[in-house]
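To start, the structure itself, in structure tokens.
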Amino acid sequence: MLRTKSNIRYQIIINVIMMLVTLIMVAPLILLFISSVSSEKSLLVNGYSYIPKELSLDAYRYIFSNRQTIFRAYGITIIVTIIGTTCNVMLSAMMGYALSVKKLPFRNIINFYIFFTMLFSGGLVPSYLMWANTFHIKNTLLALILPNFLLSAMNVILVRTNYTTSIPEALYEAAKIDGASYLQIFTKVVFPMGKPILVTIGLFSGLTYWNDWTNGLYYINDPKLYSIQNLLNKMIQDVQALQANASAAGSGAAMQIPTVSVRMAIAFVAILPILIIYPFLQKYFAEGVALGAVKG
Amino acid sequence: MKRKMKRRWLAVVLSAVMISGVLCGCGTGAKTSEIDFDEEPYEATLMYWVANDARDTEAVEEAFNKLTMEQLNMKVDLMPVTLGTYGQQIQMILSSDDKLDIFPFWPGSMGTYIDADYIVDMSEYLEDYGPDLIDIIGEDDIMCCSMNGFLGAVPSMHERTNPVYMVMRTDLLEESGFKAEDIKTIDDMTPIYAKLKELHPDMVMYGCVNSMTYPVVVFSSLFDPLGDNNFGVLMDKGQTTTVTNWYETDEFMNACKTMYEWNQAGYTSADLATSTDGGESLMRAGNLFSFTTYGKPNTKAEKDSMTGYDTTCVQLTDDLCCTKVTNSVCYGISANSEEPEKAMMLLNWIYKTKEANDLLNWGIEGRDYVVTEDGTIDYPEGVTAENVQYHQDFGWAQMNQYNSYIWTGNSSDLWDQYQEVRDNAVVSKAYGFFFDPTNVIDEIAALQTVSDEYLMSLAAGALDPETTIPEFNEKLYDTGLQDVIDEKQAQLDAWLEEQ
Amino acid sequence: MKTKKQKPRLTWTTFKGYIPLYLMLLPGLVYFFINNYIPMAGIIVAFKKYSKRKGIYGSDWCGLKNFEFLFKNDAALIIRNTLLYNIVFIILGMVVGVALAILITDVYSKRCKKLYQSAILLPFLVSIVVVSYIVFAFLSAENGMVNNGLLKALGLPAVQWYVEPKYWPFILTFVNLWKGCGYGTLIYIAGITGIDPAFYEAARLDGASRWKQVTNITLPCLVPSLITMTMLNIGHIFSSDFGLFYQVPQNSGALFSVTQTIDTYVYRALMSAGGIGRSAAAGFFQSIVGFILVMGANLIVRKISRENAMF
């Protein structure tokens with residue numbers, strides 16, 4: 001682009017606009033962080049503010065003193081995210097691969113079978129009753145992993161499309177001639193070659209598991225199995241969910257809970273891992289988004 | 001017709017059992033003692049309300065099981081739930097096949113629970129497997145959980161009246177120059193707030209969880225709601241027999257006006273209408289002067305310990321005995337129970353067994369509490385609220401607090417005081433009548449939606465009552481309030497005739 | 001020339017070679033069967049008077065009673081809210097998304113470009129529960145940033161946000177846009193980068209202004225993406241983000257008139273005693289209408305441009 005005067009002016013204008021947009025996008029998260037390091041008193045007296053009267057790490061100190069609860073929830077979230085995402089990626093890859101083999105008998109029927117799940121759903125009540133009564137997953141880790149998120153038709157279709165378009169037919173033929181079985185072609189050729197798409201769907205699946213609070217809401221009532229999102233959700237109603245024996249505290253010397261800042265601190269801790277890994281994986285996220293718009 | 005028959009029959013049986021109990025001079029009925037210790041122990045699941053998620057429930061469960069195995073040949077899976085979790089989960093648990101024998105519930109749900117087969121009719125088992133329950137709770141009080149002859153639950157041994165108390169920080173009250181004796185009604189608080197607000201402009205004068213504001217809690221001392229909802233009530237402390245609309249009364253209007261005035265003057269937290277923080281925790285955080293609560297003889301001791309401040313508690317309204325207060329916490333048997341008679345035996349056993357109630361409420365003796373000289377209990381050396389393994393102090397929501405230790409700071413004749421209050425209370429003419437909402441269940445659900453939209457905001461003073469209350473009432477009538485009132489009146493008339 | 005492709009006859013020996021592929025498909029197919037298909041059969045619970053003892057399939061039929069209640073009382077409101085919010089979300093999402101996409105692609109500096117792209121997608125990654133905490137930090141009547149920092153400084157009276165329904169359509173729209181617009185923007189950026197630069201070169205030589213370039217080149221080239229996105233969204237027009245409408249308004253009763261959507265209704269009904277039938281009825285209604293909408297939307301797309309249809 002030419003560096004003309006009008007061009008430079010245009011660049012300045014659009015950069016200013018985008019700076020403002022960036023600010024709007026990031027500012028709320030900054031408020032979250034600042035509130036979490038504000039002293040309880042300044043939050044109560046002056047309200048949430050970007051320029052708190054007084055800084056304090058009490059909230060984080062408090063979190064640490066109750067690390068039993070919070071680290072446990074954190075651990076649950078991590079385990080669930082890892083298992084769920086791995087299964088999701090593996091299942092999507094296997095299905096996507098099998099369906100990308102054009103000669104597979106009944107391929108169209110299976111495709112429709114998968115696609116139809118995107119069009120129609122039984123709704124919350126029947127699926128709750130099924131998981132709870134038939135499979136008895138309530139109050140187990142499976143409840144956070146199995147319902148809804150283990151596999152999505154969209155992911156299968158994305159992988160399938162990607163494999164059909166990016167891996168040349170000739171490659172299959174060559175492998176075939178070498179006497180490789182379908183399984184070998186998958187493990188030796190397709191899986192390694194098609195990794196980027198798997199990373200992308202894995203990221204989105206991981207994000208879904210990390211941020212999910214609904215499965216916990218429906219299927220978990222044992223506080224020991226709360227994920228970090230469920231803990232946050234519970235704290236909206238009851239900040240004392242955090243402290244084991246708050247209501248029974250004996251005397252005036254009992255510890256005061258910095259209720260407002262603690263909420264913010266836990267919320268911040270919950271999104272921290274995402275904030276940390278996001279810059280490194282930003283490329284894949286962007287790719288995944290773009291893929292989502294591509295028709296299946 | 002059939003239900004009515006059953007009801008009379010039940011009354012007869014109840015009295016018969018009571019007499020027989022007196023005659024043999026023992027509390028236990030005939031069948032409960034016949035426990036077959038040779039058979040496979042029954043595995044029961046007991047859900048009960050707790051104040052917090054304790055650090056260690058396993059040891060309590062173990063100790064509890066030791067008792068039940070010895071005395072009942074049962075294995076009991078304890079399922080303590082906090083009210084927050086309960087609210088989010090109970091409907092899902094009940095609609096599923098989750099293992100559950102005994103669980104607590106709000107009686108307002110009883111009609112729908114019966115309708116959906118969620119609970120078992122306990123009248124079939126009471127006389128055989130729960131004779132001690134009749135002794136301990138009393139026939140009148142048990143009948144408060146009987147809807148049209150279906151005994152859906154038994155009430156817990158919580159207080160039987162719910163007057164409104166104002167809980168204030170004593171240091172601030174003294175600072176304001178007012179005395180506890182100056183406070184007779186809710187309106188007497190206004191000048192105190194005005195004075196204190198001047199001295200402490202940053203403090204919140206009045207706050208609590210949104211369902212505990214004065215206009216909401218005052219019901220239990222002004223009128224008999226004849227069941228769970230306040231759509232159609234007996235005003236005059238239940239001394240009339242004509243069902244009327246509470247939301248049209250001057251009392252409701254005045255209560256909301258007071259709250260509106262406080263809101264406008266900045267005495268209440270502006271978030272009151274959506275507040276989910278209890279007055280206790282707000283006061284504990286140090287920024288609140290006062291809150292309302294349902295009172296009982298040991299309110300002060302309870303609130304002192306919960307807020308961490310020395311409080312002054314003043315009773316604002318009278319003691320009234322009505323069905324809703326008695327059955328406000330009750331324990332029923334889930335339809336998921338494999339053997340309801342075993343569940344009944346377990347419930348009966350808990351009510352009569354002191355150790356059971358102590359375990360559920362106070363944890364393990366020696367570890368979580370020790371008995372002091374005056375017979376009350378306290379934390380052992382080195383144990384505090386912060387590091388105790390299991391400590392609920394939630395007797396009102398559990399089964400039989402009368403039959404358990406009293407925490408230190410309370411007078412040791414606490415349960416006598418409870419009884420005294422109950423004996424001196426005004427008793428509603430409809431005591432024992434429990435409205436069956438089945439015929440108007442859709443109307444009530446719709447009315448509830450309207451009420452959800454207005455009540456909390458009005459009661460928190462967030463909306464101007466002069467304009468909003470008429471609007472609220474209009475909507476209620478549009479949604480079928482009159483049908484509910486008529487149905488209540490008809491059922492009440494039938495019930496009164498029967499008495 | 002017409003040559004009929006002879007479909008190879010399926011024999012056991014050829015089939016046998018495919019068995020490993022079927023085995024790879026099997027776990028996923030079973031999962032779909034359990035997670036998606038069994039509950040579809042369960043929607044009949046909407047026509048039943050649910051009794052636990054009898055279970056979903058054994059409960060007594062009650063005809064349309066559950067629907068009767070739904071339509072007599074709440075249907076109009078929840079349908080209105082669900083549809084209106086979605087329409088506004090779709091239109092604004094598109095306008096803002098395209099505008100931001102054009103701006104970002106025009107940014108000269110590579111580093112800034114990357115920064116902006118990262119920033120706009122960031123809110124998309126934050127869980128709705130955390131978003132509700134953030135919104136509360138702004139709007140809490142007592143301690144919120146807006147009341148304490150903004151309105152006070154401007155000398156305006158404080159607003160009790162969580163009991164004033166009139167503000168919430170705007171708040172929810174803003175929150176939705178904040179959280180979701182990055183997603184659309186990235187899609188449109190992908191669309192714009194796919195446009196042949198020669199078009200712009202030619203336009204520039206003709207002396208076309210930047211605005212002219214946008215209206216004559218960029219927008220027409222984006223049409224396929226726009227159609228796909230819109231159709232995908234219309235397919236979901238009858239469902240709503242449960243978290244956005246339930247968590248963000250803090251489940252405040254006073255706001256129900258503007259925050260109750262089909263999904264919140266399904267949940268609230270399920271949570272209330274005896275509401276399982278009503279909940280299932282609303283869920284059933286949502287599934288059926290949603291299905292019709294997806295099929296309809298797809299039909300229209302096929303008419304307009306076949307290659308953009310989903311199926």
Side-chain angles (χ1 to χ4, degrees), chain A residues 1 11 14-15 17-18 21-22 25-26 28 31-32 35 43-44 46-49 91 94-95 97-98 101 104-105 110 114-115 117 119-127 129-130 147-148 150-151 181-183 207 211 213 229 232-233 263-264 267 270-271 274 278 282 285-286 289-290 293 295, chain C residues 10 15 18 20-21 24-25 27-28 31-32 35-36 38-40 42-43 45 56 100 103-104 106-108 112 115-123 125-127 129-130 133-134 137 143-145 148-149 183 186-187 190 210 225 228-229 266 270 276 279-280 283-284 287 291 294 308 310-311:
Chain A
M1 223 180 253
Q11 283 299 317
I14 58 174
N15 273 292
I17 296 176
M18 283 316 299
V21 172
T22 304
M25 292 295 159
V26 180
L31 182 67
L32 180 70
S35 316
L43 286 175
L44 286 174
N46 307 315
Y48 298 90
S49 164
L91 288 173
M94 291 195 309
M95 292 192 91
Y97 165 69
V101 176
L104 183 77
I110 298 171
I114 293 169
F115 184 66
T117 61
L119 300 181
F120 199 81
S121 90
L124 175 59
V125 175
S127 94
L129 290 176
M130 177 198 70
N148 293 329
L150 195 69
L151 183 59
S181 70
Y182 279 116
L183 198 65
L207 185 69
N211 282 343
W213 56 285
Q229 304 291 346
L232 277 172
N233 181 36
R263 281 180 181 159
M264 295 299 158
I271 58 170
I274 293 175
Y278 177 54
Q282 197 255 349
F285 272 113
V289 170
K295 63 163 187 154
Chain C
L10 190 60
F15 188 77
Y18 292 114
L21 290 182
M24 291 173 88
L25 282 170
Y31 178 76
F32 281 128
N35 187 61
N36 300 77
I38 297 180
M40 285 184 203
I43 53 177
V45 75
I56 292 189
L100 289 179
L103 288 180
I104 291 178
D106 276 358
V107 169
Y108 193 70
C112 288
L115 171 76
Y116 301 148
Q117 280 194 31
S118 308
I120 53 166
L121 194 62
L122 193 56
L125 309 175
V126 178
S127 93
V129 184
V130 175
Y133 275 59
I134 297 175
N143 305 322
M145 242 278 289
N148 279 289
Y183 192 85
L186 289 195
I187 288 172
R210 182 68 196 126
S225 305
T228 320
M229 281 294 282
V266 167
L270 186 59
I276 197 164
S279 176
F284 177 83
S287 286
F291 179 70
V294 182
N308 285 312
M310 287 176 286
F311 50 92

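Numbered from 1 within each chain, the chains take letters A, B, ... in sequence-line order. Just so it is clear, the values below take in all heavy atoms, side chains as well, and ignore hydrogens, waters and symmetry mates. Keep in mind that what you see is a predicted model, and the values were worked out from it rather than measured.
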Distance in Å, [X] [atom1] paired with [Y] [atom2], rounded so as to fall on 0.5 Å steps:
X: A:Gln282; Y: C:Leu186; atom1: CD; atom2: CG; answer: 7.5 Å
X: A:Asn211; Y: C:Leu125; atom1: CG; atom2: CG; answer: 8.0 Å
X: C:Ile276; Y: A:Leu124; atom1: CD1; atom2: CG; answer: 9.0 Å
X: A:Ser49; Y: C:Asn143; atom1: OG; atom2: CG; answer: 11.5 Å

side-chain hydrogen bond (donor to acceptor under 3.5 Å, both in side chains) against A:Tyr182, all qualifying residues, sequence neighbours excluded: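 A:Tyr182 satisfies side-chain hydrogen bond (donor to acceptor under 3.5 Å, both in side chains) with A:Lys176 once adjacent residues are dropped.
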
Can you sort out the partners of C:Tyr116 under side-chain hydrogen bond (donor to acceptor under 3.5 Å, both in side chains), two or more places apart, ordered by chain and number? A:Asn15

Which atom of A:Ala267 lies closest to which atom of C:Tyr133, heavy atoms considered: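 Closest heavy-atom pair between A:Ala267 and C:Tyr133: CB-CD2, 4.1 Å.
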
The test is side chain to side chain contact (heavy atoms under 4.5 Å, CB included); show your working for A:Met25 and C:Leu121 and say whether it passes. CA-CA 8 Å; A:Met25 292 295 159; C:Leu121 194 62; over 6 Å; no

Going by side-chain contact (heavy atoms from CB on, under 4.5 Å), C:Pro27 matches just one of A:Leu150, A:Leu151, A:Leu91. Which one?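 The residue from A:Leu150, A:Leu151, A:Leu91 that satisfies side-chain contact (heavy atoms from CB on, under 4.5 Å) with C:Pro27 turns out to be A:Leu91.
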
With A:Pro28 as partner, the option from C:Ile134, C:Val130, C:Leu122 fulfilling side-chain contact (heavy atoms from CB on, under 4.5 Å) is C:Ile134

Looking at side-chain heavy atoms only, is the closest gap between C:Ser127 and A:Trp213 below 4.5 Å?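 Heavy-atom side-chain distance check fails, nothing below 4.5 Å.
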
Quick one: do A:Leu119 and C:Val294 satisfy side chain to side chain contact (heavy atoms under 4.5 Å, CB included)? Show the steps, please. CA-CA 7 Å; A:Leu119 300 181; C:Val294 182; 3.5 Å; yes

Report the option among [options] that has the most heavy-atom pairs separated by less than 4.5 Å from atoms of chain C.
options: A:Met94, A:Met95, A:Met264; answer: A:Met95
options: A:Val101, A:Val21, A:Leu31; answer: A:Leu31
options: A:Ser121, A:Ala270, A:Ser35; answer: A:Ser121

Main-chain N/O of C:Met24 paired with A:Tyr97 side-chain donor or acceptor, under 3.5 Å: no

